[in-house]
Trainee: 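One structure, pasted below without further comment.
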There are 2 protein chains.
Amino acid sequence: MQNTDDISKKPLTSAMEDYLEAIFNLGKEKRVVRVKDIAKRLGVKMPTVTSMLKVLSKRELIDYEKYEYLELTEKGIDVGREIHRRHHILRSFLTDILNIDFKKADEEACKMEHAVSASTLDRFIEFMEFVQFCPRVGLDWLKYFDEYRLHGQDPDKCLARMKEFAGGFKVRINTMEEVGEEK
Amino acid sequence: MQNTDDISKKPLTSAMEDYLEAIFNLGKEKRVVRVKDIAKRLGVKMPTVTSMLKVLSKRELIDYEKYEYLELTEKGIDVGREIHRRHHILRSFLTDILNIDFKKADEEACKMEHAVSASTLDRFIEFMEFVQFCPRVGLDWLKYFDEYRLHGQDPDKCLARMKEFAGGFKVRINTMEEVGEEK
DNA sequence: AAACTATGTTTTAGATGCCTAACTATCACC
DNA sequence: GGTGATAGTTAGGCATCTAAAACATAGTTT
């Protein structure tokens with residue numbers, strides 16, 4: 001049988017997670033996953049990829065024979081998908097809630113995805129759902145955040161905007177559909 | 001050409017930041033900072049601390065002579081304070097906005113503080129200020145988030161609560177009448 | 001002062017993760 | 001089938017971060 005003692009218990013490193021995510025994504029984008037592409041995606045050299053592939057193979061996260069095409073195992077797919085999911089959620093938070101541009105958000109999400117636990121990630125999801133679920137307190141409210149950011153917290157301006165906001169809010173509550181929005 | 005003492009340009013590692021933050025905090029808590037205390041705080045062994053102290057000393061982030069008490073340099077204080085600040089901000093976000101309990105939030109903040117850039121951190125701050133700054137859309141709204149989390153996104157409940165919410169909101173808006181101005 | 005204890009350091013070593021240089025396999029094409 | 005370009009691997013090294021064991025120092029107690 002397999003080496004059952006420690007391998008399965010040892011937690012994955014951030015680097016391993018990055019590789020699995022990259023392989024997972026490349027697998028969706030291309031017919032085959034190549035060492036060269038992984039290297040390019042992660043900004044490392046090919047030998048670095050090769051050595052990591054050996055590790056991932058030993059951990060049974062990929063099927064890998066040298067010079068052959070590589071594939072994620074089921075276990076590897078699970079991890080890759082999970083990291084991809086984290087990345088996506090955090091990036092959404094950064095772009096949709098904090099209004100950070102996509103490129104920057106993508107970079108930050110890439111670092112954050114290893115730092116945030118599953119349970120905290122769930123809270124991020126719930127929070128975003130919460131913000132989006134109630135239309136008036138959702139998207140338009142966030143539009144106001146944009147203005148707040150750009151003009152600072154001038155109390156007068158805040159109050160003025162609050163009033164407009166309140167008017168729209170009341171009407172919207174009664175209809176509760178179509179969120180006609182654009183930035 | 002700039003190979004030798006170009007230490008000032010090399011970025012600090014996460015580990016270095018952790019040590020500086022720990023030293024910064026211990027300096028505020030105790031009269032003197034001891035190797036033993038740093039080790040305990042960071043969950044590492046004393047030899048690990050000693051070797052890191054040498055690195056930090058070479059980088060001119062601490063004043064350190066062996067067997068003597070150690071102190072942060074001005075540069076070290078700046079970094080230590082900055083990391084402490086990041087930690088505090090992220091933890092506040094996790095506790096105040098996402099409603100995560102303190103202990104968990106503290107752990108997560110500790111990992112996130114190295115992953116989030118200064119500009120993104122600023123957005124976190126602005127967002128929290130934004131949420132808190134507008135009373136009705138602020139604290140009470142977050143109280144509703146708590147309920148949303150616990151009871152799920154039942155549309156009926158959401159609507160019911162939204163109506164109450166809107167009522168309160170309107171009252172509050174009216175009491176702010178006199179200051180209302182426009183840009 | 002000698003002995004004892006707590007604290008700190010050195011030495012050695014292991015795990016990661018990255019690199020360059022040099023080698024080898026694969027594939028497309030003539 | 002040979003050949004050259006491309007892709008992939010191996011070998012050897014470097015930097016970082018860690019710990020165990022052995023050793024050194026400082027401070028306290030008797």
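Each chain gets a letter, A, B and so on, in the order its sequence line appears, and its residues count up from 1.
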Trainee: Answer whether the closest heavy-atom distance between the side chains of Asp106(A) and His87(A) falls below 4.5 Å.
Mentor: yes

Trainee: Is there a donor-acceptor contact under 3.5 Å linking the side chains of Glu21(A) and His84(A)?
Mentor: no

Trainee: Nearest whole angstrom, please: distance from the P of dT18(D) to the NZ of Lys10(A).
Mentor: 17 Å

Trainee: For Tyr64(B) and dT10(C), give me the distance from atom OH to atom C1', rounded to whole Å.
Mentor: 11 Å

Trainee: Can you measure Met46(A) atom CE to dA7(D) atom P for me and round it to whole angstrom units?
Mentor: 7 Å

Trainee: Could you state the atom-to-atom distance from NZ of Lys58(B) to C1' of dC17(D) in whole Å?
Mentor: 16 Å

Trainee: My understanding is that only residues two or more places apart in sequence, or in another chain, count here; which of them pass ring-ring contact (aromatic ring centres under 6.0 Å, His included) with Tyr64(A)?
Mentor: none

Trainee: Nearest to the side chain of Met52(A), which nucleotide is it out of dC19(C), dG17(C), dA7(D)?
Mentor: dG17(C)

Trainee: Side chain of Thr50(A): nearest nucleotide among dT18(D), dT11(C), dG8(D)?
Mentor: dG8(D)

Trainee: Counting any heavy atom closer than 4.0 Å, what does Tyr69(B) reach on the DNA or RNA strands: base, sugar-phosphate only, or nothing?
Mentor: nothing

Trainee: Taking only N and O in the side chain of Lys66(B), is any of them less than 4.0 Å away from OP1 or OP2 of dT10(C)?
Mentor: yes

Trainee: Can you work out whether Pro47(B) or Val55(B) has the more 5'-proximal nearest nucleotide on DNA chain D?
Mentor: Val55(B)

Trainee: Does Lys54(B) make a side-chain N or O approach to OP1 or OP2 of dT10(C) shorter than 4.0 Å?
Mentor: yes

Trainee: Separation of Leu12(B) atom CG from dT16(D) atom P, in whole Å?
Mentor: 11 Å

Trainee: Looking across every strand, which nucleic acid part, if any, lies under 4.0 Å from Thr13(B) by heavy atom: base, sugar-phosphate, or nothing?
Mentor: sugar-phosphate

Trainee: With sugar-phosphate meaning primed atoms plus P, OP1 and OP2, does Ser51(B) contact a base, only sugar-phosphate, or nothing at under 4.0 Å between heavy atoms?
Mentor: base

Trainee: Give the rounded distance in Å between these two atoms: NZ of Lys45(A) and P of dT20(C).
Mentor: 5 Å

Trainee: Please pick, from dT10(D), dA26(D), dG8(D), the nucleotide with the shortest atom-to-atom distance to any side-chain atom of Tyr67(A).
Mentor: dG8(D)

Trainee: I'd like to know if the side chain of Thr120(B) pairs up with that of Glu108(A) as donor and acceptor (distance under 3.5 Å, no hydrogens or angles considered).
Mentor: yes

Trainee: From CZ of Arg34(B) over to C1' of dT25(D), roughly how many Å is that when rounded to an integer?
Mentor: 12 Å

Trainee: Which whole-number value in Å describes the distance from Asp18(A) CG to dG17(C) P?
Mentor: 10 Å

Trainee: With respect to the side chain of Ala15(B), which nucleotide from dT16(C), dC17(D), dG8(C) is positioned closest?
Mentor: dC17(D)

Trainee: Are there more than 12 heavy atoms of other residues, nucleotides or ligands under 6.0 Å from atom CD of Glu74(B)?
Mentor: no

